[in-house]
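Since the structure comes first, as structure tokens, the remarks are kept for the end.
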Amino acid sequence: MNAVNAVVRTIINSLREARRVVVLTGAGVSAESGVPTFRDKQTGLWEHFDAAQLATPSAFQRDPALVWGWYEWRRATVLAAQPNAGHRALAAMADHVPQFTLITQNVDDLHERAGSPHVLHLHGELARPYCEACRRSYVFPIRAPKLPPGGARIEPPCCEVCGARIRPGVVWFGEALPELTWLAAREAAKQCDVFLCCGTSALVQPAASLTHVAIDGGAVTVQVNPNPTDLDTSVTAAIRGTSGTVLPQLVAETWGVK
Ligand code: APR
């Protein structure tokens with residue numbers, strides 16, 4: 001058996017024996033569904049903007065219509081997208097592990113639509129905007145937004161109760177993560193036997209620190225990414241490939257299911 005096979009065998013055995021498995025996903029997991037990642041070049045109205053510059057409280061204060069329009073465009077993209085084989089493999093994995101925790105940095109709902117319940121959304125959700133002032137939830141109209149292909153500026157709606165501006169339900173750069181979600185994610189990472197980190201550049205903190213929490217806790221750690229990241233040398237195994245290809249293979253090899 002060569003070294004690569006030996007590592008894959010270790011992962012498969014660890015998954016079979018694990019009582020607690022944690023998976024952390026990032027934008028790369030939704031890439032094969034046609035949802036652009038954060039480091040992809042933007043298109044349309046947004047081509048001259050960096051995603052990281054639009055996803056801030058100050059960008060929303062400065063130009064609410066630009067930022068709300070960007071999130072509506074992203075919401076429309078997600079509504080038109082379907083979960084891919086990677087999302088489905090993670091939903092299937094939950095059926096084979098006594099305690100399975102899925103943590104995502106993604107603000108889309110593709111994990112849920114693939115059948116994963118109780119997803120810990122560290123960075124909020126596109127579908128859950130709320131009032132800037134009184135924090136009441138805002139319910140989107142049932143119809144998907146009709147937008148030109150490149151997107152459009154859109155004024156954010158107002159709260160029906162207090163009249164203040166509605167903001168996207170996501171965590172922006174510089175904002176705190178939802179506390180209970182973060183505590184649950186950290187605890188799961190601390191206690192797990194196997195930790196899989198899929199489709200994330202591992203650049204954004206504190207989410208990226210979860211892999212190190214798992215390493216410090218003695219877990220077998222696996223990264224799935226077609227590109228190198230800073231985690232390559234820290235994890236037990238860095239598998240180079242897309243989540244839509246690697247995750248179904250891993251589930252099939254480990255539990256003999258498709
Ligand atoms: N399968 C797996 N990984 C992929 C795929 C794929 N098909 N395609 C791309 N990737 C990888 C890229 O190589 C990259 O490492 O996904 C990663 C995407 O990185 P980012 O765009 O930085 O996404 P993410 O890590 O989720 O970003 C973290 O940053 O902007 C904030 O809040 C935002 O949640 C986001 C956070």
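Along the sequence shown, the residues carry numbers beginning at 1. Side-chain atoms are counted along with the backbone in the values below, which use heavy atoms only and exclude waters and symmetry mates. In listed order, ligands and their atoms are each counted from 1.
- The contact shell of ligand 1, taken as protein residues with any non-hydrogen atom closer than 4.0 angstrom, comprises Gly26, Ala27, Gly28, Ala31, Glu32, Thr37, Phe38, Arg39, Gln105, His123, Phe173, Gly199, Thr200, Ser201, Val204, Asn225, Pro226, Asn227, Thr242, Ser243.
- Although no hydrogens or angles enter the test, the distance criterion places a donor-acceptor pair under 3.5 Å between the side chain of Asp40 and the main chain of Thr37.
- Ser137 is linked by a side-chain contact (heavy atoms from CB on, under 4.5 Å) to nothing, counting only residues two or more places apart in sequence or in another chain.
- Salt-bridge annotation for Arg240 and Asp232: present, with a side-chain N of the basic residue lying under 4.0 Å from a carboxylate O of the acidic one.
- Between the side chains of Thr254 and His96, no donor-acceptor pair of N or O atoms lies under 3.5 Å.
- Salt bridge status for Arg153 with Asp63: present, with a side-chain N to carboxylate O gap under 4.0 Å.
- Both the sub-6.0 Å distance and the 45° axial angle are not jointly satisfied by Arg167 relative to the ring of Phe60.
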